[in-house]
Each structure stands twice: as C-alpha cells, then as structure tokens.
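Below is one structure, written out as structure tokens; comments come after it.
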Amino acid sequence: MENKPENPNEKHRALRNLLLPSLAFLLLAALVIIAFAVRGSAQAGGTVTLLFFDRNGTVLTPTQVRTTSNNGGAGYNSDFLLNPTNMRAIMSGPLYTSGTNMTFNIPSQAVALAFNWPTLPGGYQLLILDNGGVGFSTGATINFTYQAALDVKKKLDAALSARPDYVRSEKFNTAYQSAASQLASVDVYSLESAKGKAGQLALDQLAVAYDAILAEHGPVYAAANKGTVTPWIGFTIDTVSNYQANVDLVATMAAPYAWIRIAFDAGQAPSVYTTLVNYAKSKGVKVLGQPVDSTYDKGYTRAQYKQRFIDYITAFPQIDAWEVGNEVNGSWLSSDIGLRIADAAAEVKARAPGKPTFLTFFWQINTDSVANSMFTWANANLPASTRANIDVVTFSQYQEQAPMGVVFDQVMKTLRAEFPTQKIGLGELGYWIAGQQFWWAYNQTDTVAAKRAVAEQYYNASFDYAGSIGGVFWWTYITDFKSDTAMQQIVKNLRDKLQIGSPTPTPTATPTATPTATPKVTPTPAPDGMVYNGSWSATAKILGLASYQDFFQTVRVTPNSNYTTSVWVKGSGSLELQVRGNANWTKKLSSVRVNASSTWTKVTTPVFNVGSRQRIYITFDTAYGNAAGTMYLDEVFVGTSGGANRVTNPGFESGLTGWNNDAPPYSVSNKGSDNVDINPNPAD
C-alpha cells in the first residue's frame with residue numbers, strides 16, 4: 001500500500017494566515033489602535049528615524065522602501081523589533097511613516113530591527129540592524145543600508161576570528177575586499193546619499209563573503225570533529241513508491257553519513273513502511289522517524305498524538321532517531337503542541353532508550369506573529385523538563401518564505417546558546433515551494449540554479465558550528481534530486497570532504513590579514529579495498545574453528561547510560577562482537593555476529609545499559625566454527641546513538657594504540673604501504 005505524498009502547498013500555512021482577506025479589516029483596526037497606544041506611551045528610549053537609499057544613491061520614499069522590502073508586493077511587511085542578544089521578538093510592525101522617512105519608537109529596552117532587504121546577486125537577506133550588536137536604546141537618525149553593512153561586517157569579522165584555520169578563498173577575498181573598499185570610501189562626514197549607496201554595494205558583497213566562509217569552512221570543521229559529532233547528511237522521503245531507487249540514491253550520494261527522514265503519512269499504519277525502513281537499514285542508511293508532520297498535527301488530539309508515537313516506536317525498534325515535533329512554532333499547529341512534544345519525547349526515552357529525540361522549529365523570526373517567532377516561542381513553550389528529553393534541536397528553512405542569508409551565522413550561534421546541551425542543525429530545507437514564493441534567493445530568473453545554490457550553501461554551512469550534526473533533510477528530495485545530477489554532485493562533494501577533509505584552497509593576497517595555513521590532510525582512500533576510512537585497518541585471519549581469540553579494548557563510559565557498538569567490516573568469515581561488563585569477562589552486556597562480505601558493511605549491536613559501570617570491554621572473538629576467512633575491520637564505535645565515540649583510536653590510524661590482541665588472527669596495518677603487522681603479540 002502506498003502512502004499518499006504530502007501536498008507541499010499545505011505544509012506552511014503561517015505566512016498565508018497573514019494575508020487572509022477576511023481578517024484584513026480587523027487586523028487593520030487592531031494595528032491602528034496598537035500603533036497609537038505604542039507611539040503615545042512606548043517612546044521611553046526615543047525615536048529612530050531611518051534614511052533609505054538605493055545602490056545608485058537615490059533616496060527611497062516610504063512607499064518605495066516597502067515595495068523593495070516586499071519584493072514588489074509578492075511578499076508583505078516584515079519589520080519586527082528584536083532583543084539584540086537572544087533574537088526574541090518584541091514587537092511586529094514597528095515602522096511607520098513620519099514625513100518623508102520611516103521611523104520606529106524604542107520601547108523601554110534596547111532593540112534591534114529585523115527587516116528583509118535585497119542584495120545582488122544573493123537575493124533577499126534578513127538584515128538585523130542592531131547598532132553594532134548593542135541595539136538601539138536612544139533616539140537617532142540612521143542611514144539604513146550603511147548601518148546594516150557596518151553591522152554585518154562586524155559579525156563577519158567575528159566569524160573570521162572564530163575560524164583561525166580558515167584559509168581565505170579567492171571568492172571570499174574578492175567579495176570581502178570589495179565590501180571593505182566600499183565602506184572605506186565614506187565616513188561620518190560624507191553625504192547620506194553616498195553612505196547609503198556604499199552601504200548597499202557593500203551589503204551585496206558581504207552576503208557573498210559570508211556565504212563563502214561558512215560553506216567553505218563547514219565541511220573542514222565537521223571532518224576535524226567527527227570524533228565528537230558524527231555528521232548527518234539527510235533527505236526526506238514521504239512515499240513508499242520506488243523506495244529502493246530512492247534509498248539507493250541516498251546511499252550512493254551520502255554514505256557513510258546518509259540519513260533519510262520518513263514522514264509517516266496521517267492515517268497510515270506502521271506496517272505500510274516496514275519494507276522502506278528495513279531496506280534503508282540494509283543499505284546502511286540511518287532513519288529518522290517522523291510520526292506527525294506539522295501539517296497533520298491538528299488532526300490529532302493530544303492523547304492521539306502520544307499514541308501515534310507509541311505505535312511507531314513499538315513497530316520500529318530499528319529506527320535510529322525520532323522527530324518529536326515538526327515546525328512546532330508554526331501558527332497552524334495545536335495550542336498545546338508544547339505538551340505534545342513533552343509527551344512524545346518522554347515516550348522515546350522510555351521505549352527507545354539511546355535513540356536521539358529530534359525537534360524541528362520553523363524558521364520565522366519576522367514573518368508571522370511575535371508569539372510564533374522562533375526564539376520567542378522556544379523560550380515560552382519549552383521548559384527545562386522538556387528540554388532535558390530533547391537531544392537534537394533544528395529548524396526548517398525556506399528562504400522564499402522567510403529570508404535568511406547573512407543572518408544564518410547569528411541564528412546558528414543563538415540556537416547554540418539557547419540549547420547549550422543539545423546538538424543542533426538543519427531539520428528541513430527546500431526552495432521554491434509552490435504557493436509560498438514571496439522572496440527570491442541567489443537567482444531571480446533561474447529557479448533551478450537558485451535551488452542548487454541553496455542546497456550547496458546550506459548542506460555545507462550547516463556543519464560549521466560546535467555540536468552541529470548538519471542534517472538538512474531536503475523536503476522535496478525525490479522530485480529535486482532524482483534527475484538532477486548537479487544536485488547529486490553537491491552532496492557527493494560534501495560527503496567526500498567529510499571523508500578526507502577539504503583540500504586547502506590556494507590563498508590569495510589580502511592587505512588586511514595573512515591567511516592561517518591549515519594542517520596538511522592525508523587523503524583517505526574511497527570506501528573500498530582493505531580500508532573503509534583513512535589509511536589503516538585491522539585484519540582478522542579467521543580459522544575454520546572456534547578458537548576464542550580476542551581483539552579488544554577497555555572503554556570508559558558514563559554510568560547508567562545506554563550505548564551501542566558498531567564496526568565497519570569487509571572480506572569473508574565471521575566474528576562475534578561482544579560487549580563485556582567485567583574484567584574476567586563473565587558478564588556479557590550485548591553481542592552480535594559479524595559476517596563480512598565483498599562490500600563494506602556496518603554491523604551494530606543492540607542497545608545496552610552499562611549500569612553502575614565506569615568501564616566496559618569490547619572484543620572481537622573467533623567464537624564460531626566453519627567461519628573461516630579474512631576480515632577487515634575499521635571505524636569501531638561505542639557511544640550513544642548519534643553521540644561522541646568513546647573508542648580510543650577507532651580507525652586504527654595510530655596502529656595498535658588503545659588495542660590488545662591475540663596473535664595470530666589479528667593485526668593492524670597501514671594498507672597504503674606493505675601489509676606488515678605491527679606489535680603482533682602484545683601483552684594482555
């Protein structure tokens with residue numbers, strides 16, 4: 001039975017809610033009342049008057065400002081006041097016309113102005129006008145594009161300082177120097193028209209430079225930190241039709257970091273998806289289960305929402321992670337969605353211990369209501385008790401619905417600060433969904449080129465943060481990737497960078513700083529031959545009898561935690577991967593038979609709890625008769641699902657460091673040189 005594909009036009013309704021004609025009169029009346037009340041009483045900090053100019057230095061009237069920001073009427077008013085520190089929304093629609101200018105009043109706290117604004121060729125950006133990060137707390141007259149460029153450049157310079165290993169590419173340097181030159185061409189004494197022109201031209205190039213540093217450095221950062229956070233490269237599948245081809249393509253593009261998110265359609269039983277889930281697991285593709293998409297949330301009561309998770313968790317113990325809430329701050333969801341998230345997360349923790357819980361917000365900070373603005377909603381609806389059961393926090397991003405651009409770095413850092421103990425990432429990405437095309441990005445005339453640019457930018461940039469899994473989970477994966485080899489190559493290139501580390505770009509001269517060279521990265525062979533990753537692997541020459549010889553390591557663990565163990569294998573023969581709970585090996589916590597084949601395969605033990613132990617023992621044991629062969633082992637893992645690896649020297653790149661073995665079955669070798677055993681018979 002095929003589950004029905006979700007109608008993407010029904011997915012994001014918050015934006016349409018702003019445009020409903022039936023509410024227009026009531027909204028207008030309410031805004032007039034609020035405006036008079038606010039402007040009469042909330043001027044404790046004074047009034048900020050904004051001057052607007054285009055890239056030719058021509059003054060823009062308030063009507064032209066609105067038309068420019070609203071993409072010629074395709075969009076709508078996007079001005080919000082935010083807290084400059086935590087990005088929580090304070091007020092919607094603060095801008096009003098005063099004479100020939102746009103103005104906003106400062107309430108009794110420092111504020112930043114969020115406003116959508118176009119750049120060339122990057123398209124619409126969300127600009128946060130925040131007066132150098134401190135916000136506005138006193139009245140002033142501000143040249144909008146000039147101040148916005150100064151604010152963006154200050155953030156970009158901070159991003160550079162935070163990435164000392166980034167070697168500036170020619171793309172970055174050209175854009176950065178062009179922006180710096182524009183800003184240097186004017187000063188406080190220049191004509192406002194000249195400052196406005198320089199600011200707009202600088203913004204154009206700052207957007208290019210900011211994109212470049214994040215996309216270029218993201219894979220480098222993730223590759224260097226794989227021991228702490230395992231990368232996820234994700235795609236969304238919402239149908240069981242052609243599941244083998246859809247999963248095969250994911251595996252081809254993204255293995256060994258491949259994930260699919262399965263959006264389980266409303267009204268469908270778990271059995272509908274059994275073949276899809278099992279096939280993905282057989283191909284080494286991890287699965288994120290989404291029992292309730294945001295579109296269907298209101299179709300369930302709170303009790304039904306909880307039961308939906310119970311049914312799917314029970315049916316699929318093999319699923320790797322669970323999305324407990326999707327686009328949860330959307331105004332189209334149930335008013336008790338915060339409680340539903342808490343229910344679902346608690347069920348995952350109780351019924352699928354060790355499986356990460358995954359939460360997705362909807363990226364909107366200035367395109368709906370104050371209450372539904374992403375960080376405002378999170379603060380109001382996710383208490384500490386709920387957050388304690390959330391492992392990964394992400395957001396969905398559709399730039400045509402809510403522009404992003406130069407604010408991405410600030411958003412990711414704010415997300416990290418808001419959720420300091422969780423992993424972060426992108427939970428959903430797409431571009432140019434029918435019926436939601438309010439603002440354009442990257443290419444105004446070529447939608448396909450723009451979609452590729454969105455994918456290339458954010459698949460890479462999402463990795464450039466501490467604790468980020470990456471993720472992405474492209475929403476329209478099946479239609480966008482199936483026949484577009486350019487989209488496929490974007491992901492393959494990212495996968496290759498994560499595997500071997502990005503090649504160091506050729507640095508270009510810059511008068512402002514000397515690039516810091518990155519360490520030389522030794523290329524890693526493709527996942528074939530005798531090595532899965534790196535240049536080293538372990539070899540087991542297995543005889544055709546159960547000789548009970550072991551290759552093992554003592555692993556430090558956190559008491560009362562749930563762990564799993566895995567290994568990548570290739571070749572022939574069979575071993576038993578065991579997890580032992582004591583030094584004399586009389587307590588077995590978990591085990592699995594490891595059968596090697598002609599292709600690299602990941603073998604994983606069932607989840608186990610370590611109890612009060614602070615160390616466990618993992619071992620590969622020649623425990624089977626009639627299991628002769630030569631097996632290659634690589635990338636051994638012990639940890640929570642999706643968490644940090646507790647194994648010392650998991651890929652054997654440091655030889656036998658951390659390992660003990662019983663020769664002759666086991667050896668560790670550099671497969672890039674002669675296959676010479678090192679330390680063939682160490683003391684136990």
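Treat the numbers as computed from the prediction; the structure is a model and nothing was measured. Both backbone and side-chain heavy atoms feed into the values below; hydrogens, waters and symmetry mates do not.
Contact annotation: the side chain of Leu82 approaches that of Ile365 to within less than 4.5 Å [non-hydrogen atoms, C-beta and beyond]. Considering only heavy atoms from C-beta on, Met87 comes within 4.5 Å of Gln410 through its side chain. Taking the side chain as every heavy atom from C-beta outward, Phe481 and Met253 approach each other to under 4.5 Å. Using a 4.5 Å cut-off on side-chain heavy atoms (C-beta onward), Trp440 and Thr445 make no contact. Considering only heavy atoms from C-beta on, Met404 comes within 4.5 Å of Tyr458 through its side chain. Using a 4.5 Å heavy-atom threshold, the side chains of Ser373 and Gln364 count as separate. Side-chain contact between Phe362 and Thr367 is absent, with no heavy atoms from C-beta onward closer than 4.5 Å. In this structure the side chain of Thr564 reaches within 4.5 angstrom of the side chain of Phe637, judged on heavy atoms.
Looking only at atom types and distance, the side chain of Ser396 has a donor-acceptor partner in the side chain of Glu327 under 3.5 Å away. Checking His217 against Asn460 by side-chain atom types alone, no donor-acceptor pair falls below 3.5 Å. For the 3.5 Å distance criterion, the side chains of Ser294 and Trp332 qualify, holding a donor opposite an acceptor. The closest side-chain donor-acceptor pair between Tyr124 and Glu400, if any, does not fall under 3.5 angstrom. Remark: the Gln499 side chain and the Asp496 side chain contain no N/O donor-acceptor pair separated by less than 3.5 Å.
A ring-centre distance under 6.0 Å is found for Trp232 and Trp259. Taking the centre of each ring, Phe473 and Phe358 come in below the 6.0 Å mark. In this structure, the ring of Tyr76 has its center less than 6.0 angstrom from the ring center of Trp439. Aromatic pair Tyr431/Tyr442: ring centres not closer than 6.0 Å. Taking the centre of each ring, Tyr300 and Tyr296 stay at or above the 6.0 Å mark. When ring centroids are compared, Phe235 and Trp474 stay outside the 6.0 Å threshold.
Salt bridge annotation for Asp336-Arg340: present, with a cationic side-chain nitrogen under 4.0 angstrom from a carboxylate oxygen. Electrostatic pairing of Lys171 and Glu216 does not count as a salt bridge here, judged by no charged N lying under 4.0 Å from a carboxylate O. Using a 4.0 Å cut-off between a side-chain N of Lys or Arg and a carboxylate O of Asp or Glu, Asp391 and Lys423 do not qualify as a salt bridge. A salt bridge is absent between Asp634 and Lys602; no separation between the charged side-chain nitrogens and carboxylate oxygens falls under 4.0 Å. Salt-bridge formation is not detected for the pair Asp484/Lys451: no Lys NZ or Arg NE/NH1/NH2 atom is positioned less than 4.0 Å from an Asp or Glu carboxylate oxygen. For Lys226 and Glu635, the salt-bridge test fails: no basic side-chain N is under 4.0 Å from an acidic carboxylate O. One finds no salt bridge joining Lys155 and Asp409 here, because no Lys/Arg side-chain nitrogen approaches an Asp/Glu carboxylate oxygen to under 4.0 Å.
Distance alone, capped at 3.5 Å, places no donor-acceptor pair between the Arg308 side chain and the Tyr312 backbone. A donor-acceptor pair under 3.5 Å is formed between the side chain of Asp320 and the backbone N or O of Val287. Checked by atom type and distance alone, the side chain of Thr558 never pairs as donor or acceptor with a backbone atom of Ser561 at under 3.5 Å. Remark: the backbone N or O of Trp377 is paired with a side-chain donor or acceptor of Asn381 at under 3.5 angstrom. A donor-acceptor pair under 3.5 Å is formed between the side chain of Asn366 and the backbone N or O of Ser78. Gln125 contributes a side-chain N or O that, together with a main-chain N or O of Val406, makes up a donor-acceptor pair within less than 3.5 Å. With Asn116 contributing its side chain and Leu126 its backbone, the two residues share no donor-acceptor pair below 3.5 Å. Listed for the Lys497 side chain is no donor-acceptor partner under 3.5 Å among the backbone atoms of Gly218. Looking at Tyr477, its side chain never comes within 3.5 Å of a backbone N or O of Asp238 through a donor-acceptor pair. Judged by distance alone, with hydrogens and angles left aside, the side-chain atoms of Asn645 form a donor-acceptor pair with the main-chain N or O of Val636 at under 3.5 Å.
Gly467 approaches Val229 most closely through the heavy-atom pair CA-CG2, 4.0 Å. Closest non-hydrogen pair, Val348 versus Lys355, comes out as CG1-O, 3.7 Å.
Distance check, rounded to the nearest 0.5 Å: CG of Asp297 to CZ of Arg302 gives 12.5 Å. To the nearest 0.5 angstrom, Asp368 atom CG is 11.5 Å from Gln401 atom CD. Considering CG of Asp248 and CG of Asn242, their distance stands at 11.0 Å, rounded to 0.5 Å. The OG1 atom of Thr604 sits 6.5 Å away from the NZ atom of Lys281 when rounded to the nearest 0.5 Å. Of the inter-residue distances, the one linking Lys413 atom NZ with Ile424 atom CD1 reads 11.5 Å to the nearest 0.5 angstrom.
Both tests pass for Arg163 against the ring of Tyr465: distance under 6.0 Å to the centre and angle within 45° of the axis.
Ring planes of Trp363 and Phe395: tilted class, angle from 30 to 60°.
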Chi angles and distances behind the side-chain contact (heavy atoms from CB on, under 4.5 Å) call for Gln318, Asn278: CA-CA 8 Å; Gln318 68 271 47; Asn278 288 340; 2.7 Å; yes

query: Going through the distances and angles, do Glu456 and Met487 end up as a side-chain contact (heavy atoms from CB on, under 4.5 Å)?
result: CA-CA 8 Å; Glu456 184 165 25; Met487 289 283 279; over 6 Å; no

- prompt: Are Tyr305 and Asp343 close enough, and set up right, to give a side-chain contact (heavy atoms from CB on, under 4.5 Å), and what steps lead you there?
  reply: CA-CA 9 Å; Tyr305 190 102; Asp343 291 343; 5.8 Å; no

task: Give the intermediate values and the outcome of side-chain contact (heavy atoms from CB on, under 4.5 Å) for residues Phe361 and Leu382.
output: CA-CA 12 Å; Phe361 294 112; Leu382 296 178; 3.6 Å; yes

